[in-house]
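Structure record follows, encoded as structure tokens.
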Amino acid sequence: MISLSAVEEGLQLPPRTPERTETLAAAAKAKSEAKTKAAEEALRRLIKQGESITFQAVQREAGVSHAFLYNHADLRGRIQRLRAQARPVPASAPPADERSTLVLALTSQITRLKRQHREEVQGLRDALEQAHGENLDLRRELARRGGAVEPS
């Protein structure tokens, strides 16, 4: 490369030739395509890893500048779409078939617990009824023997 001092000294730059221009254009195009490919691969990796899609994340992952991403309309649009639709998916959400199995298991457990509760309540009602009957018998016996019974 020619230094600034060479220009100041009046040295001339090599003439622009169509061949040189084409070579530079091809190199710039190859560099841009490599950066585009790196950005697309970075997007795929971020999606696969479940990371949030942002310009900064893509820039960091691909090793390209923000300006590069913003200046390429197709990349910019894709990042914006992915960022807009990105919603965190719970990692512990079971698949649909596991959810239905879980619902069936819990429904069965609730049914069993309700039946058990009804049986226990009925047992307690029976015991209370028996206690009331015994209490009535004891009051009658006490009244027969001449003791005073206070009304309850």
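Heavy-atom basis, side chains included; hydrogens, waters and symmetry copies ignored. Position 1 is the first residue of the sequence, and the numbers go up from there.
- The backbone N or O of T17 lies less than 3.5 Å from a partner atom in the side chain of T21, making a donor-acceptor pair.
- To the nearest 0.5 Å, atom CD1 of residue I110 and atom CZ of residue R115 are 13.0 Å apart.
- When the shell of 6.0 Å around CD of E129 is examined, it contains 12 or fewer heavy atoms from other residues, nucleotides or ligands.
- If you check the side chains of D126 and Q122, you find a donor sitting under 3.5 Å from an acceptor.
- What you find for V58 and A39 is that their closest heavy atoms are CG1-O, 4.1 Å.
- Taking both residues in full, the closest heavy atoms of Q59 and V64 are given as CG-O, 2.5 Å, listed atom of the first, atom of the second, then distance.
- Counting only heavy atoms from C-beta outward, the side chains of L104 and S108 never approach each other to under 4.5 Å.
- Contact annotation: the side chain of I79 approaches that of I53 to within less than 4.5 Å [non-hydrogen atoms, C-beta and beyond].
- Taking CD from Q80 and CG from L75, the interatomic distance works out to 11.0 Å, rounded to the nearest 0.5 Å.
- At distances below 3.5 Å, not a single donor-acceptor pair connects side-chain atoms of N135 with backbone N or O atoms of A131.
- Remark: R45 CZ to I47 CD1 distance equals 11.5 Å, nearest 0.5 Å.
- Ring pair H72/F68 is tilted by interplanar angle, where 30° to 60° counts as tilted.
- In this structure, CZ in R76 is found 7.0 Å from CZ in F55, a value given to the nearest 0.5 Å.
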Candidate pair E40 and K37, rule salt bridge (charged side-chain N to carboxylate O under 4.0 Å, His left out), full reasoning: CA-CA 5 Å; E40 289 172 352; K37 183 179 177 183; over 6 Å; no

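- Under the 4.5 Å side-chain heavy-atom criterion for ILVMFWY residues, no single connected hydrophobic cluster contains both L138 and L142.
- Using a distance-only test at 3.5 Å, with no hydrogens or angles considered, a donor-acceptor pair links the side chain of T107 to the main chain of V103.
- Take R60 and apply the side-chain contact (heavy atoms from CB on, under 4.5 Å) test, not counting sequence neighbours, and it matches Q56, A57.
- To the nearest 0.5 Å, the span separating OG1 on T36 from NZ on K29 amounts to 11.0 Å.
- Residues satisfying the side-chain contact (heavy atoms from CB on, under 4.5 Å) test with Q109, not counting sequence neighbours, are L106, R112, L113.
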